[in-house]
Amino acid sequence: VSTSGEHVLDALIVGAGFSGVYQLKHLRDEGYRVKLVDDASDYGGVWYWNRYPGARVDSTVPNYEFSDPDLWKEWSWKQRFPGSEEIRAYFAFVADKWDLRRDTEFNTYISKATWDDAASVWTIEAKDGRSYQAKFLLLNTGFAAKRHFPDWKGIEKFRGSWIHPSYWPKSDPDLRDKIAVIGTGATGVQLSQELSQVASEFVLFQRTPNLALPRKQINYTGDATAVTDDKYSAVFAGRYESFSGLDFDFLPRETFEDTPEQRRAIYEELWEEGDFHFWLATYHDMLFSEDANKEAYVFWKEKVRARIQDARARELLAPEKQPYGFGCKRIALEQGFFEIFNQPNVSLVDVNATPVVEVTERGIRTTEKEWEFDYIVCATGFDALTGGIMNIDIRGRSGGSITDKWKAGVKSYLGMAVGDFPNMFFTYGPQGPTTFCNGPTCAESQGSFIVAAMNFMKNQDLRQMDVDAAAEILWSENIQKIAARSLIPGTKSWYMGDNIPGKPRECLVYLGGVPNYYKALNECVDRDFEGFTFV
Ligand code: NA7
């Protein structure tokens, strides 16, 4: 393949979730020659992979969809929180409407990317030996692309099936047998609700309780929809005005500005709303003041403890003493989760009190006993935020890898670009508002930034765009400074890199809120990409 000829793409887009799909459509609309590749065999990103029973999004629609009227005018969701299957159907609909398939190659796992400084081109290699050349490398690998498994000894001995939920077999296994779920993140909670209803014996292995909130699903039947047509544009505009990119925001006052009675009434209202309201539509000091945070926990605990009959389970799931900062770990949305522990077929193992010793042929041996299982489901999460990017051997201008560059901690500008890696952007990754901003909102704001950057390069006849070292230091330091004002660093979580042994401890997400992030992107564009250097 020649580096100067027609084979060189304007951009190779890696990852066919919301971000990648948005970029294919919008870069192609601008006349660029682009290609979208993904390891999966269809669109959807995390939704392609996450097919486990109960998998569903924790953002409501229409927040969780593209804002293009050509799409929303024709598409009707069946639920307020759509399930994984419905989201895959949405992606298929988008692929047809936006005519994406002609420029997409599936079953393509990108393993290597090397920058050629003389030619100003990336050579990008797939695991099967195919290679691409592109002026821009656009990484949309998502925050949950690298799976994490427990390092228990003896895993290979187990005679039953051992599954990570994001590799769920396409033909559902028979789940009426004895099942273990490891982990109480959003995935573990969703799985537990479903599997506990079919398994003869269901055991949840918990390390940390999830301070889950009531989901309050709504089914849209007949003509019922999330919002009427006249409200869509306001919802989409509102996403950029709220901290979390959703259609609600923190209250404009502090917890103790209200009387106890007023506070109680507010908490009850937020609880009744369901969704993340009790987390992200509450008093604005909840994630910043310890006393405010404690107050929220007291209410949460009272609500949840009343739902669990067994005293031991109650204390493990909703401890009397607050276990960690409320909302400082990713909160799950639940519907009936706490009630499953009232069922006779359900047990809860506390791996802190009775640690796992080994996996055996028949199941899992803890310091208490050997548990027998047919299936062990490892809902143990991901090397979140950085794993999807560091999975790829990316070599920048100086020949160094991104893994080397980020060894002691992430460095980026705007949570999208990395110094020494010219003409490369990533989305929905570290140092952006990732997961504190729902996927489609980020896909559209970061995607438009990429389109603007490529247009700027074209209009100015530029070949290379790299990050200015000072801008990178400033952005990266600012991520930690903003985090330090909140309670989030005080709790162990994957926001802080704690779930992966050896990962540097630092805040991996931008906690300044979507409006400030969006403003930073827009200012950068308006100031002719201040913070970047050009050739
Ligand atoms: P998460 O949120 O990373 O949850 C993983 C869970 O697995 C969490 O409860 C962990 O406990 C637990 N875990 C991990 N390793 C172990 C071992 N060795 N033993 C016991 N328990 C363990 O992943 P999810 O897939 O649930 O969610 C990821 C995101 O996807 C979610 O936030 C949404 O945005 C969608 P811990 O809490 O670390 O003590």
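Counting convention: from 1, in listed order, for ligands and their atoms alike.
- Between Tyr267 and Phe278, the gap from one ring centroid to the other is short of 6.0 Å.
- The single protein non-hydrogen atom nearest to atom 35 (C) of ligand 1 is Phe143 CZ, 4.1 Å, given as residue, atom name and distance.
- Classification of the Tyr517-Tyr510 ring pair by plane angle, with boundaries at 30° and 60°, yields tilted.
- In this structure, the ring of Tyr220 has its center no less than 6.0 angstrom from the ring center of Trp77.
- Of all atoms in ligand 1, listed by their number and element, those nearer than 4.0 Å to a heavy atom of Gly183 are 6 (C), 7 (O), 9 (O), 12 (C).
- Within ligand 1, the atoms closer than 4.0 Å to a non-hydrogen atom of Arg330 are 32 (O), 33 (C), 34 (O), numbered from 1 in the order shown.
- Residue contact annotation: Trp494 has a non-hydrogen atom under 4.0 Å from ligand 1.
- Interface of Thr184 with ligand 1, defined as ligand atoms under 4.0 Å from a residue heavy atom, comprises 6 (C), 8 (C), 9 (O).
- Counting only heavy atoms of the protein, atom 10 (C) of ligand 1 lies nearest to Arg207 NH2, 4.0 Å.
- Between Tyr240 and Tyr518, the two ring planes are parallel [angle under 30°; tilted spans 30° to 60°].
- Within ligand 1, counting atoms from 1 as listed, the ones closer than 4.0 Å to a heavy atom of Thr187 are 24 (P), 25 (O), 26 (O), 27 (O).
- Here is the list of ligand 1 atoms found below 4.0 Å of a heavy atom in Thr208: 36 (P), 37 (O), 39 (O).
- Heavy atoms of Lys329 approach ligand 1 to within less than 4.0 angstrom.
- Salt bridge annotation for Lys301-Glu320: present, with a cationic side-chain nitrogen under 4.0 angstrom from a carboxylate oxygen.
- Residue-level proximity to ligand 1 for Ala379 is carried by the backbone, the only part with a heavy atom below 4.0 angstrom.
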- Item | Evaluation steps, salt bridge (Lys or Arg N to Asp or Glu O under 4.0 Å), between Arg215 and Asp58 | CA-CA 8 Å; Arg215 175 182 296 282; Asp58 286 348; 2.8 Å; yes
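- Nearest non-hydrogen protein atom to atom 19 (N) of ligand 1 is Trp152 CZ2, 3.6 Å.
- Using cut-offs of 30° and 60° for the angle between ring planes, the Phe143 and Tyr428 rings count as perpendicular.
- Aromatic ring centroids of Tyr495 and Phe436 lie under 6.0 Å apart.
- Between Trp152 and Phe205, the two ring planes are tilted [angle within 30° to 60°].
- Using a 4.0 Å heavy-atom cutoff, Phe149 is absent from the residues neighbouring ligand 1.
- In this structure, atom 20 (C) of ligand 1 lies nearest to the protein heavy atom Ile182 CG2, 3.8 Å.
- In this structure, Tyr232 and Phe236 have tilted ring planes: the angle between them lies in the 30° to 60° band.
- Across the listed options Gly439, Gly185, Ala384, Gly185 owns the non-hydrogen atom lying nearest to atom 4 (O) of ligand 1.
- Here the two rings, on Phe18 and Phe66, have centers that are under 6.0 Å apart.
- The protein non-hydrogen atom at the shortest distance from atom 23 (O) of ligand 1 is Gly381 CA, 3.2 Å.
- At a 3.5 angstrom cut-off on N or O pairs, Ala186 counts as close to ligand 1.
- Atom 18 (N) of ligand 1 has as its closest protein heavy atom Pro150 CB, 3.5 Å.
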